[in-house]
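I have placed the structure first, in the form of structure tokens, so that the comments after it can refer back to it.
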Amino acid sequence: MFETIIGLEIHVELKTRTKLFCGCSTGFGDPPNHNICPVCAGMPGALPALNEEAVRLAIRAGRALSCRINPVSSFDRKSYFYPDLPKSYQITQHQIPICEGGYLDLEDPDNSPEKGLYRRIAIERIHLEEDAAKLIHPEDRPVTLVDYNRAGIPLIEIVTRPELTSPEDAAAFLKELKAILEYLGVSDCRMEQGSLRCDVNISVRKTGSRKPGTKVEIKNMNSFREIQKALEYEQERQKKLFLSNRSHEIISETRMWDSRQGITKPMRFKDEGRHYRFFPEPDLPPIDLRSSRTLSWLEENLPELPGQKRERFVKQYGLSSYEAGILTGSRALADYFEEVTAYGVRPGDASNWIITELLRLWKPSEDRGSPVRSRSLAQLIRLIDEGRISRNAAKEVLNDMHAAGREPMDIIMQKNLIQVSGQDEIAELVEAVMADNTDAVQEYKAGKSKVFGFLMGQIMKAGRGRVNPNIAGKILEERLKG
Amino acid sequence: MKSQNMMSNNVGEMTISELAEGYRYRHFSIRETVRHYLERIAKLDEGLGTFITVCKETALREAEKLDEGLSRGGDIGLLGGIPLVVADNICTRGIRTTCASRALEDFVPSYDAAAVERLKAAGALIIGKTGLNEFAIGASTEGTAHQAACFFGNLRKGSRANGDLTCGSAAALAAGFAPLALSSGTRGAVTLSAAFYGLVGLKPTCGAVSRYGLIPFTSTLDQIGLMARDTRDCALAFQIIRNNVNTSDTEELSKGVEGLRIGIPKELTECIREQNQELAAAIHKAIRIYERLGAEVGEMSLPPADGCLSAYEIIASAEAGSNLARYDGMHYGYCSDMPPDEAEHNLNEMIIRSRTESFGMEVKRCIILGTYVLSTEHGAACLRKAVQVRRRVQNAWKEAFRHCDLMLLPVLSDSNGFSVTDGYAMMMDMAGIPAVTVPCGFSSSALPIGLQLAADHYKEGRLLRAAYSLEQELALTGFRPVWKEADRFV
């Protein structure tokens, strides 16, 4: 048997308006080399000036992850030559990072949170640094293009201790971390836009072995799913090498994930042995959080975090931990759920409709609100509750609400979907169906109770789906007995 | 109106105050003044090589604009129409800024250094960019890409000064090419070379003037400084470029030195007394003047710090190695002429070639030492030690300024090689304290002798006041010999 040890290094772009050391915009998708100035382009003589908002956000992340916030932290230069690095060094925090020693609690999939069983993953450090430029390799030309818009965008790097024991755990950790950072407004964590990037370290060893396994780094994954797949592949690869007595072939290296082939490959250009020549940044004073002005950053109120919200949803709304888990997956979704219940909808109904129906139409995120307003969904659910439309009709209405952005009542009126609930009206229908199906009525009276379902179907058909089935059932039963 | 001829004879000698008065009373126009300076440069600088770039067209255009402003009765600023020379490691928007290096031979910044921006806003016009050691590193331009910069030792007929004798800004002022210079001062480059050429030089407190746009050599030891013909000019320009604008230094100048405690480091004066009697005599005279003006002068102990020179070299080279890493040929500046496909496939080779071809020997030596310091165990230990030495130096000066308000130091300007005053200049850089040099006499061979005053952080006002008092008493201001010597040189 084997045991796997995984550690993560996560780079997260902070949601500031301007870059870490200059006033350039951090906007995504602007034309290449549009948001640059002498500072972020590394021109001679330009000097950095720290963006305090980035410090504030890093502190928020650190506090939410139960880190110790260092009262004084400092910047260092990390030197290497590469076209994406305009100064030939990156300003980062090496010696004294802003946050150290935190943790994140992962729900154990085998144990419900009601039992209070979590796995605690330690976080070694969080530090501030500037992003590098983006290199673009066009396929049609043998050149490399450099876009400096990204150079100087503030990042935090979150480094975990090697305490994750499976690829699923790693994915679960990232999902939870992403939710927390989104809740805090620290980052929008979009892997597809590169605002969250993750390098992983994995080592496998025989269970009980004292010797630590050989650490392999994997890069180039663009989604949590890919990260999990890359780790699964790498785990299997290393196990197979052990089983075929080729464990010596596992070497400490950096491998690239090839998503097309679904495998990890050794990097063509090795960057091991690179000496970064770390050096205290002489152009920036240390970040000193002991002044009265910065002290308030350490005491800022944090929003309710996903874990806390999950627990509250279970307690307050009586939801299952599964439901609570989904609904707290993003702050926008959790807020939406609470809005719907605030309009008087039973939490169970709101949860059901959101999870099974609405989430088909909406992928929640900070700046993509629900296409169906919470008040409209609440109205729709109330209409079902009041028996004015059927459940099936309601699904159709919801689709139309999403597509056309209209109110439920408009659609119901236009499509004439109002449920028929009047006793007399339904009785008339029941009697008509019974008259048309005398054979079936006789069979029922002879004790063949199965026929009841057939008759109900005929009634619904006659009412073109708008008949309230509860009322119709009751009347049919009365008439058959009478 | 004074005759044109008279002005053309005097222009090289004039101070900012004199020029400003001439403009105000329309004795001469800004344009004709600038033209006289440009003519002088054209005539003399070929032999001196103080300039890397002369900004003829832009300076004349600016002058014309200012003349128009003046004729409309507008305010042209405290330095309206004053020609300014800027060392070529200080960025000037739209004007080539080379650092006297091939690495930046065609570099035209899109931005002004903060101090340049302030001086321009006050009406100063840049007349040219002056030479320096490549990236201000080292003590001589020999073997650097810009050999031209080494000629201005000629101003003093081949005599070697300590410190940075190749400070083109000081030479340009001495040659009468402008009345004001903005320069970077590392290892006494401002104060020592000002003394060397009989000028007033101010190296402000580390942090008092923004370093933005000063192309860094050492970061923590670099500092933007000023040179002018007299203390009043220096104070005026400092008032414009410094960060803190609460007090007015020019008004304070005449407040005198009564009650100030002036300390003399006995280790340095003892050494001078043995080496240079003329200098010792000039210093002694200055001391007597200060005493007469009511200052309290006393000897105190401030020994040169152990290991100061090594610590300085280690810190400076570590910072320089890192600061100069950006000249990789990829972004701007010199790029080795390599076939494109070769460069594409061998990026490292391209970087290596670009750097090898563009840096001079002294710069390479500094980068290699810096890389050693930052990439080896032993180097790191050296750097830690150097930082300790710096802290010790800082503490020593802090302690000294508990017992005195000012420190008076001689500037040894005629020795060969490294001198004891170099050591004190380095200590002052490390301590980050301000210093001013003021001429205090002439040697028997009619070369200027300067003395240096140092004070605690942000006490530039006090420094300038003391320099001004001495300058008034000595009344040397009318006697400016160096530029005449330059005339003779042609």
Side-chain angles (χ1 to χ4, degrees), chain A residues 21-23 33 36-49 74-92 94-95 132-133 135 137-138 141-148 151 268-271 273-285, chain B residues 89-92 97-99 101 103-104 107 109-114 116 135 184 207 210-216 218-222 315 318-319 321-333 340-341 344-345 347-348 350-352 355 370-376 379-380 383 387:
Chain A
F21 300 120
C22 63
N33 297 312
I36 60 171
C37 74
V39 177
C40 57
M43 301 304 263
L47 293 174
S74 55
F75 287 101
D76 301 276
R77 294 178 178 180
K78 178 181 180 178
S79 303
Y80 58 97
F81 290 104
Y82 210 63
D84 66 359
L85 209 53
K87 298 185 292 293
S88 298
Y89 58 80
Q90 177 195 31
I91 303 179
T92 179
H94 180 62
Q95 275 187 24
L135 297 182
H137 309 279
R141 278 173 297 163
V143 293
T144 299
L145 304 173
V146 191
D147 179 3
Y148 288 104
R268 201 146 52 97
F269 300 108
K270 299 224 180 336
D271 64 351
R274 212 181 230 181
H275 199 292
Y276 290 122
R277 307 199 303 278
F278 282 106
F279 168 58
E281 171 55 84
D283 292 334
L284 287 163
Chain B
N89 59 344
I90 298 175
C91 288
T92 42
T97 300
T98 68
C99 278
S101 177
L104 289 173
F107 178 65
S110 61
Y111 47 98
D112 272 324
V116 170
F135 285 101
S184 80
S210 169
R211 278 195 298 120
Y212 191 95
L214 168 61
I215 299 178
T218 72
S219 302
T220 60
L221 300 164
D222 279 355
I315 292 170
E319 291 178 357
S322 172
N323 286 331
L324 270 60
R326 66 183 68 187
Y327 309 111
D328 55 12
M330 281 188 283
H331 305 93
Y332 45 75
D341 51 328
E344 168 73 19
H345 290 111
L347 199 62
N348 275 342
M350 193 200 85
I351 296 170
I352 290 168
R355 290 169 69 79
T371 307
Y372 173 76
V373 168
L374 294 185
S375 54
T376 62
L383 185 59
V387 171

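Because only heavy atoms are used, hydrogens play no part in the values below, and waters and symmetry mates are left out as well, while side chains stay in. Here is how names work: the chains are called A, B, and so on, in the same order as the sequence lines, proteins then strands, and each is numbered from 1.
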Please test Arg211(B) against Asp283(A) for side chain to side chain contact (heavy atoms under 4.5 Å, CB included), starting from the C-alpha separation and ending with a verdict.
CA-CA 10 Å; Arg211(B) 278 195 298 120; Asp283(A) 292 334; 2.9 Å; yes
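- For Tyr332(B), the ring pair (Phe, Tyr, Trp, His ring centres under 6.0 Å) criterion is met by Phe107(B), not counting sequence neighbours.
- When heavy atoms are compared at a cutoff of 4.5 Å, Phe278(A) approaches chain B solely by way of its backbone atoms N, CA, C and O.
- Minimum interatomic distance between Ala325(B) and Phe81(A) (heavy atoms only, all atoms of both residues): O-CE2, 3.1 Å.
- Only the side chain of Ser110(B) comes within contact range of chain A, with heavy atoms under 4.5 Å apart.
- Interatomic distance, CG of Leu85(A) versus NE2 of His331(B), reported as 7.5 Å (0.5 Å rounding).
- Ranked by heavy-atom pairs under 4.5 Å with chain A, the first of Ala380(B), Gly213(B), Gly333(B) is Gly213(B).
- Interface check for chain A: of the options Asn323(B), Thr376(B), Leu104(B), the most heavy-atom pairs under 4.5 Å are formed by Asn323(B).
- Between Arg277(A) and Thr371(B), the shortest heavy-atom distance links the atoms CD-CG2, 3.7 Å.
- With a threshold of 4.5 angstrom between heavy atoms, Leu214(B) approaches chain A through N, CA, C or O but not through any side-chain atom.
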Val39(A) and Tyr212(B): side chain to side chain contact (heavy atoms under 4.5 Å, CB included), yes or no, with the steps?
CA-CA 10 Å; Val39(A) 177; Tyr212(B) 191 95; 3.7 Å; yes
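- Contact count versus chain A (heavy atoms, under 4.5 Å) is highest, among Ser219(B), Ala113(B), Ser210(B), Gly379(B), for Ser219(B).
- Residue contact with chain A, scored on non-hydrogen atoms closer than 4.5 Å, involves the backbone and the side chain of Ala318(B) alike.
- When heavy atoms are compared at a cutoff of 4.5 Å, Asn89(B) does not approach chain A at all.
- From Asp328(B), atom CG reaches atom OH of Tyr82(A) across 13.0 Å, with rounding to the nearest 0.5 Å.
- Closest approach of Pro44(A) and Tyr327(B) over heavy atoms only: CB-OH, 3.5 Å.
- Between chain B and the residues Pro280(A), Ser88(A), Ala41(A), the most heavy-atom pairs under 4.5 angstrom are made by Ser88(A).
- With a 4.5 Å cut-off on non-hydrogen atoms, Ile90(B) does not touch chain A at all.
- Residues passing the side-chain hydrogen bond (donor to acceptor under 3.5 Å, both in side chains) test with Tyr89(A), sequence neighbours excluded: Arg77(A), Arg326(B).
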